[in-house]
Amino acid sequence: MKYDFTAIEKKWQDRWEALKPYAAETGSDKPKFYGLIEFPYPSGQGLHVGHPRPFTALDIVTRKKRMQGYNVLFPIGFDAFGLPTENYAIKNHVHPAAVTEKNIANFTSQLKMLGYGFDWDRCVDTTDPKYYKWTQWIFLQMFKKGLAYKTTMPVNWCTSCKCVLANEEVVNGVCERCGSEVIRKEKSQWMLAITKYAQRLIDDLDDLDYIERVKIQQKNWIGRSTGAELRFDTNTGDKVSVYTTRPDTLFGVTYVVISPEHPLLEKWQGRIKNWDEIAAYKEAASHKSDFERGELNKDKTGVRLEGIEVMNPATGKAVPMFVSDYVLMGYGTGIVMGVPGHDQRDWEFATKFGLPIIEVVSGGDITKEAFVAKDDSAIMVNSGFMNGMTVREAIPAMKKYVVDQGWGKEQVNYKLRDWVFSRQRYWGEPIPLVNCEKCGWVALPESELPLVLPQVDSYEPTDDGESPLSKMTDWVNTSCPCCGGPAKRETDTMPQWAGSSWYFLRYMDPHNDDELVSKEAEEYWGPVDWYNGGMEHTTLHLLYSRFWHKFLYDIGVVHTKEPYAKRTSHGMILGEGGEKMSKSRGNVVNPNDIVDQYGADTMRLHIMFIGDFEKAVTWSNEAVKGSKRFLDRCWNLMDIARDDIAVSAVNEAVIHKTIKKVTEDIDSLKMNTAIAALMTLVNEFYAKGLTKGDLEQLMLLLSPFAPHMVEEMWELTGFAAKYGKMAMQMSWPEFDEAKTVDSHKEMAVQVNGKLRSTVVVPADADDGAVVAAACADEKIKRQMEGMQLVKTIVVKNKLVNLILKPAK
RNA sequence: GCCGGUGUGGUGGAAUGGUAGACACAAGGGACUUAAAAUCCCUCGCUGGCAACAGCGUACCGGUUCGAGUCCGGUCACCGGCACCA
């Protein structure tokens with residue numbers, strides 16, 4: 001019988017659609033398992049070959065969990081707000097909602113084509129008002145708690161999207177999405193105070209089962225540093241504060257630098273003798289993007305503030321003050337102290353401006369370059385009471401001294417910034433706030449949620465940087481929920497990250513109109529047991545959603561501090577030639593083509609077999625054949641499996657070994673070696689023959705990988721009738737450790753650590769017997785001629801190493 | 001520059017400190033076939049040899065060990081992230 005994958009896959013997909021074997025049951029007595037994949041953005045191009053990699057992996061994990069008796073939640077949905085859809089809508093004069101609907105339909109059929117065990121009844125769509133009602137609701141709670149605030153600040157402005165970007169969305173100075181130039185622009189923006197959660201976002205990582213590089217990357221992004229904030233007296237009557245991680249170098253401070261945006265400059269306008277020069281510098285800096293400022297980092301610019309002097313409290317001496325755009329207003333205090341002896345950047349600045357360079361840590365030659373000690377055991381000099389201390393001792397000593405003297409305080413800083421939450425675009429969740437002349441910003445009553453996106457004539461962003469919604473005067477002009485007076489709606493919308501920051505909660509209870517998620521459902525399903533997604537989301541989606549979840553925990557909506565117990569990450573799939581797949585390179589692989597040619601089961605199997613799940617792999621159309629060939633060989637086993645095979649125990653050890661290997665490998669996402677083990681098993685079957693019982697075991701092990709073909713075989717071989725169940729509903733095979741051991745072992749024989757021969761010994765042979773067998777081997781006898789055996793090392797079931805030396 | 005990671009046949013990739021190259025792809029040879037496809041069998045790291053076999057071999061240099069792809073120190077290359085963060 002031929003393996004007609006097209007007909008078989010259609011047949012089983014239809015049957016699953018009707019029988020719903022993947023439905024998750026809230027409140028079941030079984031142990032629960034919540035497996036999650038990052039829901040896709042339904043782009044117009046359809047499913048990319050990158051999608052099936054994580055989807056198939058977690059599909060296999062959850063199918064196995066189901067067979068192991070778990071009540072599994074494995075949901076799917078669509079993260080459908082976003083710019084590509086809006087841009088497409090603008091270009092083609094269709095409503096973004098229509099585009100989204102079409103794309104979701106296409107994605108849905110492609111995902112069904114691949115046979116994933118999603119619970120489709122729980123599908124969510126972030127652009128559905130029933131969904132974004134709750135996105136808006138969460139925002140309102142944040143607003144009420146003071147975590148959402150509006151402020152005017154320089155923001156990243158994409159010149160092409162005509163839209164504000166979060167820091168995380170700017171890559172190498174250009175827009176992550178369209179690659180256009182990003183400039184700085186002053187705008188009034190809604191912000192979310194993620195920085196208030198910075199410490200918790202670091203601390204709570206410790207208890208999570210995330211792959212290490214995700215934890216490290218998040219910690220680096222949050223960027224905690226400990227130091228001190230020091231106040232310096234000036235000749236203006238004002239004090240200035242600087243932040244430093246190295247208070248121990250205070251005696252080495254020979255100047256201070258202020259950021260061009262710092263408000264003190266304006267205040268000091270009358271005192272600064274070269275104000276024209278300073279004003280010009282400020283003006284020039286304001287036109288540069290952050291990226292341009294960074295670009296020029298080799299050649300520091302700056303201007304001395306004539307007439308301003310700062311007192312170094314440690315030395316009591318006055319030092320000059322400069323303005324320079326290498327000092328960022330957004331980090332620390334916007335003013336830094338210059339220690340040119342021990343900071344390379346300060347050294348270059350001091351050298352350029354002819355400032356003194358003082359050594360306060362010994363061990364380098366500060367006339368040539370700054371001495372930045374590699375460890376903290378260097379000795380302090382020229383530093384008053386700290387002289388003779390190591391840096392390690394000096395830092396805490398100085399911190400204490402600073403506090404005692406009233407010069408400042410200990411301080412922790414984070415690189416993480418608050419989240420710019422406004423977007424001047426149409427296709428996003430409306431922000432449910434109105435601005436009243438009397439009451440200021442007022443929240444819509446929750447009863448008015450969802451605040452639905454109004455129909456507009458044009459989705460084009462406006463040149464003045466306002467949202468297209470701003471043109472809808474009927475919609476914009478409203479009354480204040482507080483005082484009833486005239487008010488205007490907020491016209492910015494939320495960023496795409498909003499809807500994806502909590503979607504995993506909605507899957508638990510997707511049709512609830514009264515609550516975001518019911519207590520019962522959340523307490524049953526939360527937290528997500530296993531979340532797999534791309535490394536590119538580590539500092540965006542993953543961090544944002546942890547933040548939102550912590551907030552929901554604080555207001556009692558969820559019962560766990562963290563949303564995801566475990567996080568794994570997949571590598572990218574590269575096109576032929578090892579390059580990133582892209583339309584311009586013409587190396588994009590469409591999963592439909594593979595499915596048409598080889599079937600979904602081959603596609604699933606191959607994308608898992610292709611290599612280490614965590615690493616990038618190169619796609620090869622040629623190699624797919626091997627996976628298809630393997631499935632053909634499995635299928636054809638039906639013709640040779642017998643009940644009356646003479647030695648039915650012939651395959652026992654290899655079957656138990658395979659069960660063990662496949663069971664363990666799926667749990668650690670080593671799908672490639674799990675499949676290799678199945679291939680080895682099938683090769684054994686062809687070499688030695690197999691019983692129907694052997695085939696039954698193989699089908700169960702293979703069913704998570706190739707569910708369609710296995711169900712068909714299961715039916716054809718009569719097991720479906722025998723058990724009255726589909727293979728996927730059977731129990732996962734168990735292995736018996738004792739039965740994984742062969743009766744005889746082939747052991748390596750080394751002489752002085754070099755492999756010289758192998759011997760076969762009974763599995764239970766003791767060390768003496770192994771050594772005797774080794775010494776009896778012809779090749780070893782030759783090695784031993786004229787030699788004396790001085791030592792033997794036996795590694796159970798692996799090898800024996802004979803240490804020989806010349807006989808006297 | 002800083003933080004992670006990787007480096008193994010023609011290719012994708014396997015190897016709790018214990019027989020390097022499992023499992024595949026490609027290639028070569030053979031069987032079956034009118035023929036092709038499909039299928040099946042054999043060979044397949046490099047060098048020498050008809051062969052048995054010997055020597056070499058996991059980016060490079062050194063170390064620890066009876067034994068190192070694996071551990072340690074150093075170097076190089078590539079990938080990812082961050083980058084004037086005081």
Side-chain angles (χ1 to χ4, degrees), chain A residues 2 171-172 211-221 223-225 227 242-246 249 256-257 259 290-291 293-298 300 324-328 330-339 343-346 348-349 372 413-417 535-536 538-539 571-572 574 578 606 609-612 614-627 629-630 632-633 636 670 672-683 686 746-759 779 782 790-804:
Chain A
K2 196 174 165 278
V171 177
N172 288 335
I211 49 172
E212 206 52 35
R213 56 199 171 119
V214 167
K215 288 190 182 183
I216 291 167
Q217 217 167 293
Q218 287 213 342
K219 281 183 188 167
N220 288 349
W221 183 263
R224 181 182 203 267
S225 72
V242 303
Y243 172 71
T244 179
T245 55
R246 290 293 302 279
T249 61
V256 168
V257 188
S259 167
D290 278 345
F291 185 65
R293 283 189 176 194
E295 276 291 86
L296 304 168
N297 67 16
K298 287 181 197 99
K300 303 266 174 293
S324 177
D325 65 7
Y326 81 78
V327 179
L328 307 174
Y331 183 78
T333 62
I335 305 176
V336 302
M337 63 186 209
V339 185
D343 180 286
Q344 189 57 28
R345 185 191 51 201
D346 292 350
E348 283 160 16
F349 191 88
V372 185
N413 262 322
Y414 302 92
K415 292 183 192 173
L416 184 70
R417 305 295 155 80
M535 280 305 288
E536 70 274 21
T538 301
T539 53
M572 240 191 322
L574 304 171
H606 187 67
F609 184 58
I610 199 168
D612 187 328
E614 287 195 0
K615 291 187 197 138
V617 285
T618 306
W619 180 267
S620 157
N621 276 326
E622 264 306 306
V624 183
K625 279 194 284 192
S627 298
R629 201 173 287 160
F630 169 65
D632 282 332
R633 280 164 67 78
N636 293 331
K670 290 163 82 177
N672 52 338
T673 49
I675 293 166
L678 290 168
M679 288 173 167
T680 304
L681 179 65
V682 169
N683 290 344
Y686 273 97
E746 187 188 51
M747 291 180 67
V749 183
Q750 294 184 339
V751 173
N752 295 337
K754 244 177 155 43
L755 179 72
R756 292 300 177 184
S757 185
T758 59
V759 290
K779 286 183 206 163
R782 245 178 286 146
V790 294
K791 191 179 175 187
T792 61
I793 293 155
V794 178
V795 181
K796 188 116 184 76
N797 293 335
K798 296 270 183 186
L799 61 68
V800 52
N801 190 5
L802 306 174
I803 311 304
L804 304 182

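These figures come from a predicted structure and were not determined experimentally. Throughout, a chain's letter reflects where its sequence line sits, starting with A, and its residues are numbered from 1.
- Nucleotides B:G28 and B:U19 place their P atoms 33 Å apart, quoted to the nearest Å.
- Taking the syn range as angles within 90° of 0, the glycosidic angle of B:G9 is syn.
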* To do: Determine, step by step, whether A:N636 and A:Y686 satisfy the side chain to side chain contact (heavy atoms under 4.5 Å, CB included) criterion, reporting the C-alpha distance in whole Å, the side-chain angles of both residues, the deciding distance to 0.1 Å, and the verdict.
  => CA-CA 10 Å; A:N636 293 331; A:Y686 273 97; 3.4 Å; yes
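- One atom, NE2 of A:H606, and another, P of B:C25, lie 10 Å apart when rounded to the nearest Å.
- On a pure distance criterion of 3.5 Å, a polar donor-acceptor pair joins the side chain of A:K300 and the base of B:C84.
- Across all strands shown, A:S225 has heavy atoms under 4.0 Å from sugar-phosphate atoms exclusively, and none from any base.
- Comparing B:A26 with B:G18, their P atoms sit 32 Å apart, to the nearest whole Å.
- Checking the phosphate oxygens (OP1, OP2) of B:A86, a side-chain nitrogen or oxygen of A:Y331 falls inside 4.0 Å.
- Taking atom P on both nucleotides, B:G21 is separated from B:G10 by 16 Å, rounded to a whole Å.
- A:V617 comes within 4.0 angstrom of sugar-phosphate atoms only, judged by non-hydrogen atoms across all strands, and of no base.
- Taking only side-chain atoms of A:R629, from C-beta outward, the nucleotide of B:A22, B:A86, B:C25 with the closest atom is B:C25.
- With a 4.5 Å cut-off on side-chain heavy atoms, A:R246 and A:V339 do not count as touching.
- Set against B:C84, B:C25, B:C85, the side chain of A:A623 has B:C25 as its closest nucleotide.
- In this structure, A:S620 does not reach the B:U11 phosphate: none of its side-chain N or O atoms is under 4.0 Å from OP1 or OP2.
- Using a 4.0 Å heavy-atom criterion, one finds that A:K791 contacts no nucleic acid atom at all.
- Between B:A22 and B:C72, the distance separating the two P atoms is 27 Å to the nearest Å.
- Residue A:K625 places its side chain closer to B:A26 than to any other of B:C3, B:A26, B:A86.
- If you check distances only, the side chain of A:Q750 does reach the base of B:G18 with a donor-acceptor pair under 3.5 Å.
- Checked against A:Q750 for a side chain to side chain contact (heavy atoms under 4.5 Å, CB included), the options A:N801, A:V795, A:L802 give a single hit: A:N801.
- Using Watson-Crick or G-U wobble geometry with both donor-acceptor distances under 3.5 Å, B:C84 finds no partner in any strand shown.
- Close to B:G13, at under 4.0 Å from its OP1 or OP2, lies no side-chain N or O of A:K670.
- Where A:V624 and A:R213 meet RNA chain B, the nucleotide closest to each residue was compared, and A:R213 sits on the side nearer the 5' end.
- Here B:C78 sits opposite B:G5 as a Watson-Crick or G-U wobble pair (both hydrogen-bonding atom distances under 3.5 Å).
- Taking the side chain as every heavy atom from C-beta outward, A:F630 and A:H606 never approach each other to under 4.5 Å.
- Taking the P atom of each, B:U43 and B:A37 are spaced 23 Å apart, rounded to whole Å.
- Considering only heavy atoms from C-beta on, A:I803 comes within 4.5 Å of A:N752 through its side chain.
- Across all strands shown, B:A54 is found opposite B:U47 as a Watson-Crick or G-U wobble partner, with both distances under 3.5 Å.
- Contact annotation: A:R345 does not reach the phosphate of B:G1 (side-chain N/O to OP1 or OP2, under 4.0 Å).
- Nucleotide B:C40 is matched to B:G30 when pairs are restricted to Watson-Crick or G-U wobble geometry with both distances under 3.5 angstrom.
- Within the nucleic acid shown, A:R782 has no heavy atom closer than 4.0 Å to any nucleic acid atom.
- Contact annotation for A:A677: no contact, since no heavy-atom pair falls under 4.0 Å across all strands.
- Distance from the side chain of A:A676 is smallest to B:C23 among B:C25, B:G4, B:C23.
- Using a 4.0 Å heavy-atom cutoff across all strands shown, A:L799 reaches at least one base atom of the nucleic acid.
- A:G223 comes within contact range of no nucleotide atom at all, as no heavy-atom separation falls under 4.0 Å.
- Nucleotides B:G17 and B:U64 place their C1' atoms 12 Å apart, quoted to the nearest Å.
- Remark: the separation of the P atoms in B:G5 and B:G73 is 13 Å, to the nearest Å.
- When each of B:C25, B:C66, B:C23 is scored by its nearest atom to the side-chain atoms of A:I793, the top-ranked nucleotide is B:C66.
- Of all nucleotides listed (B:U16, B:A86, B:G67), B:G67 comes nearest to the side chain of A:N801.
- The side chain of A:I803 lies closest to B:C66, out of B:C66, B:C84, B:G18.
- Under the Watson-Crick or G-U wobble criterion, with both distances below 3.5 Å, B:A68 has no partner in any strand shown.
- Mapping A:D346 and A:G753 onto RNA chain B via the closest heavy atom, the residue that lands nearer the 5' end is A:G753.
- Nucleotides B:U70 and B:A59 have their C1' atoms positioned 15 Å apart, rounded to a whole Å.
- Here B:A26 is the nucleotide among B:C23, B:A26, B:A86 with the atom lying nearest to any side-chain atom of A:E622.
- Using a 4.0 Å heavy-atom cutoff across all strands shown, A:E746 reaches at least one base atom of the nucleic acid.
- B:U16 is unpaired under the Watson-Crick or G-U wobble criterion, no partner having all donor-acceptor distances under 3.5 Å.
- Residue A:K779 places at least one side-chain N or O under 4.0 Å from the OP1 or OP2 atom of B:C53.
- The residue A:Y414 sits apart from the nucleic acid: no heavy atom pair falls under 4.0 Å.
- Across all strands shown, the partner of B:U11 is B:A24, judged by Watson-Crick or G-U wobble contacts whose two distances both fall under 3.5 Å.
- Within 4.0 Å of A:D632, counting heavy atoms only, lies no atom of the nucleic acid at all.
- The side chain of A:N220 approaches B:C3 more closely than any other nucleotide in the set B:U39, B:C3, B:U6.
- As judged by a 4.0 angstrom heavy-atom cut-off over every strand, A:N683 is placed among residues touching the sugar-phosphate backbone only.
- Side-chain atoms of A:R756 lie closest to B:A54 of the nucleotides B:G13, B:A54, B:A86.
- Between A:Y326 and A:F349, the distance separating the two ring centers is shorter than 6.0 angstrom.
- For the OP1/OP2 pair of B:A14 and a distance below 4.0 Å, the side-chain nitrogens and oxygens of A:N672 include at least one atom meeting the criterion.
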